[in-house]
Amino acid sequence: MKFSALVRQHWAALRMLLLLTVITGLVYPLLVWAVAQIPGLQARADGSIVEVDGKPVGSSLIGQLFTDADGNPLPQYFQSRPSAAGDGYDPMSTSASNLGPEDIVDTADRTSLLTQVCTRSLEVGAADGVDGTRPFCTVDGVGAVLSVLSPTDVVSVNQACPAVPFVTSYSGAPVRCNDGSDLSAGRLVAVEGSARAVVPADAVTASGSGLDPDISPAYAQLQVERVARARGISAEQVRQIVDEHTEGRALGFMGEPAVNVLEVNLALDQLGG
């Protein structure tokens, strides 16, 4: 190949590189930024930051914890749903737990999803004055799971000795607590029980992103009495604020109604109490 032809090819490639750099590196980002500044889009493009007295207190699109320095829920605030993102609602660690409905056995290294749900349900129930028991959970807040090792040997998997098993017998065989022996050969049986779940599912499970800023109206209503007592105001006042900040389904048919926790708590702070 002649040197002049080689130069022309490289010069054409360089010009194309410069052109695409300008288009994709400058023009396109500036165009996207300009579109994002259109009224109605700007707030979301800027992160939907919520300010109080000129100071940012959060984002209406990202949930946050309402706890004290020790991680204890503050009773005067509505609580968000659990989060698996970092230490909770960390935008740099957005993620789910990736645990599914078959994760029912506690180990020495990790608590199963079922036991997490059972424990959270009891905690929410105690805080909000309702029955926190639910199906497939023991009264002490662990997964109600049996390992059937033989027709005469059944173990309550998630209740370590000396705990008293949640049932005394299964199919005629006595049930014993888990003494740490190998249960891998047993057949796992999750026991539903007769409890009826009062605590909503979003109160005990994290969202897929770990950043969901909303809770269900059912979970919000569950917290009304507790928040009212802590603030010394009427439950009707709190319930009215919840209703004012309840959004319906998107386009009237997609998703479920939701309550933005940050917006409700800020409205309560403005109300006083």
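Under a hydrophobic-cluster definition in which Ile, Leu, Val, Met, Phe, Trp and Tyr are linked whenever side-chain heavy atoms come within less than 4.5 Å, directly or via other members, Val105 and Leu113 are assigned to different clusters. Linking ILVMFWY side-chain heavy atoms closer than 4.5 Å, directly or via other members, places Val139 and Val191 in two distinct hydrophobic clusters. Linking ILVMFWY side-chain heavy atoms closer than 4.5 Å, directly or via other members, places Val130 and Val238 in a single hydrophobic cluster. Hydrophobic clustering keeps Val145 apart from Val117 (ILVMFWY residues linked when any side-chain heavy atoms are closer than 4.5 Å, directly or through intermediates). Val164 and Val167 are members of different hydrophobic clusters when ILVMFWY side chains are connected at heavy-atom separations under 4.5 Å.
Here the shortest heavy-atom pairing between Ser83 and Gly210 reads OG-O, 2.6 Å. Between Ser95 and Ala84 the shortest heavy-atom distance is OG-O, 3.4 Å. Taking each heavy atom of Pro135 and Ala195 in turn, the nearest pair found is CG-O, 3.4 Å. Between Pro200 and Leu222, the closest heavy-atom pair is CD-CD2, 3.8 Å. Between Ala160 and Cys177 the shortest heavy-atom distance is C-CB, 4.3 Å. Across all non-hydrogen atoms, the minimal contact from Pro29 to Thr24 is CD-O, 3.3 Å.
For the pair Tyr219/Val259, no side-chain contact is recorded, criterion being any heavy-atom separation below 4.5 Å from C-beta on.
The structure places OG1 of Thr67 at 7.5 Å from CD of Gln79, a figure rounded to the nearest 0.5 Å. Expressed to the nearest 0.5 Å, how far OG1 of Thr21 lies from CG of Leu14 amounts to 9.0 Å. For the atom pair OG1 (Thr119) and CG (Leu114), the distance works out to 9.0 Å, reported to the nearest 0.5 Å. The distance from atom CD of Glu225 to atom OG of Ser234, rounded to the nearest 0.5 Å, is 9.5 Å. The distance from the CG atom of Leu268 to the CD1 atom of Ile233 is 5.5 Å, given to the nearest 0.5 Å. How far CG of Leu149 is from OG of Ser181: 7.0 Å, rounded to the nearest 0.5 Å.
Without hydrogens or angle criteria, Asp182 side chain to Ser184 main chain gives a donor-acceptor distance under 3.5 Å. The backbone N or O of Ala85 sits nowhere less than 3.5 Å from a side-chain atom of Asp90 that would complete a donor-acceptor pair. At least one donor-acceptor pair under 3.5 Å links the side chain of Arg226 to the backbone N or O of Pro75. Using a distance-only test at 3.5 Å, with no hydrogens or angles considered, a donor-acceptor pair links the side chain of Thr138 to the main chain of Val142. A distance-only check finds a donor-acceptor pair linking the side chain of Thr115 to the backbone of Gly143 [under 3.5 Å]. Not a single donor-acceptor pair under 3.5 Å links the side chain of Ser147 to the backbone N or O of Val155. Side chain of Asp128 to main chain of Gln223: no donor-acceptor pair is present (N/O by atom type, distance under 3.5 Å, no hydrogens or angles). Judged by distance alone, the side chain of Arg239 and the main-chain N or O of Val224 form no donor-acceptor pair under 3.5 Å. The backbone N or O of Ser216 sits nowhere less than 3.5 Å from a side-chain atom of Gln221 that would complete a donor-acceptor pair. Checking side-chain atoms of Asn158 against main-chain N and O of Thr111 turns up no donor-acceptor pair under 3.5 Å.
Applying the ring-ring contact (aromatic ring centres under 6.0 Å, His included) rule to pairs touching residues 53-75 yields Phe66-Tyr77, sequence neighbours excluded. Among residue pairs with one or both ends in residues 111-140, those qualifying as disulfide bond (SG atoms under 2.5 Å apart) are Cys118-Cys137; sequence neighbours excluded.
Annotation: side chain to side chain contact (heavy atoms under 4.5 Å, CB included) contacts of Arg120 (sequence neighbours excluded): Pro82, Gln116, Val204. Considering only residues two or more places apart in sequence or on other chains, Arg187 meets the side chain to side chain contact (heavy atoms under 4.5 Å, CB included) condition with Val148, Tyr170, Val189. Not counting sequence neighbours, the partners of Asp212 by the side chain to side chain contact (heavy atoms under 4.5 Å, CB included) test are Arg81, Ser207, Asp214.
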Run the side-chain contact (heavy atoms from CB on, under 4.5 Å) check on Asn260 and Phe78 step by step: do they pass? CA-CA 10 Å; Asn260 189 283; Phe78 280 84; over 6 Å; no
Arg176 vs Asp153, test: side-chain contact (heavy atoms from CB on, under 4.5 Å). Steps then yes/no. CA-CA 8 Å; Arg176 59 184 176 89; Asp153 190 11; 2.8 Å; yes
Using side chain to side chain donor-acceptor pair (under 3.5 Å), reason through Ser112 and Asp106 one step at a time and then give a plain yes or no. CA-CA 5 Å; Ser112 67; Asp106 298 344; 2.7 Å; yes
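Within 6.0 Å of atom CG in Asp179, more than 12 heavy atoms from other residues, nucleotides or ligands are found, so the atom counts as buried in its surroundings. Sparse packing is recorded around CD of Glu102, with 12 or fewer heavy atoms of other residues, nucleotides or ligands lying under 6.0 Å away.
Side-chain N/O atoms of Asp131 and Thr133 include a donor and acceptor closer than 3.5 Å.
Between Arg231 and Asp269 there is a salt bridge, since at least one side-chain N of the basic residue sits less than 4.0 Å from a carboxylate O of the acidic one.
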Could you pull out every donor-acceptor pair under 3.5 Å between side chains of residues 246-254 and any protein atom, sequence neighbours left out?
unit_1: Thr246; atom_1: OG1; unit_2: Val242; atom_2: O; d: 2.6
unit_1: Arg249; atom_1: NE; unit_2: Gly255; atom_2: O; d: 3.1
unit_1: Arg249; atom_1: NH2; unit_2: Glu256; atom_2: OE1; d: 3.1

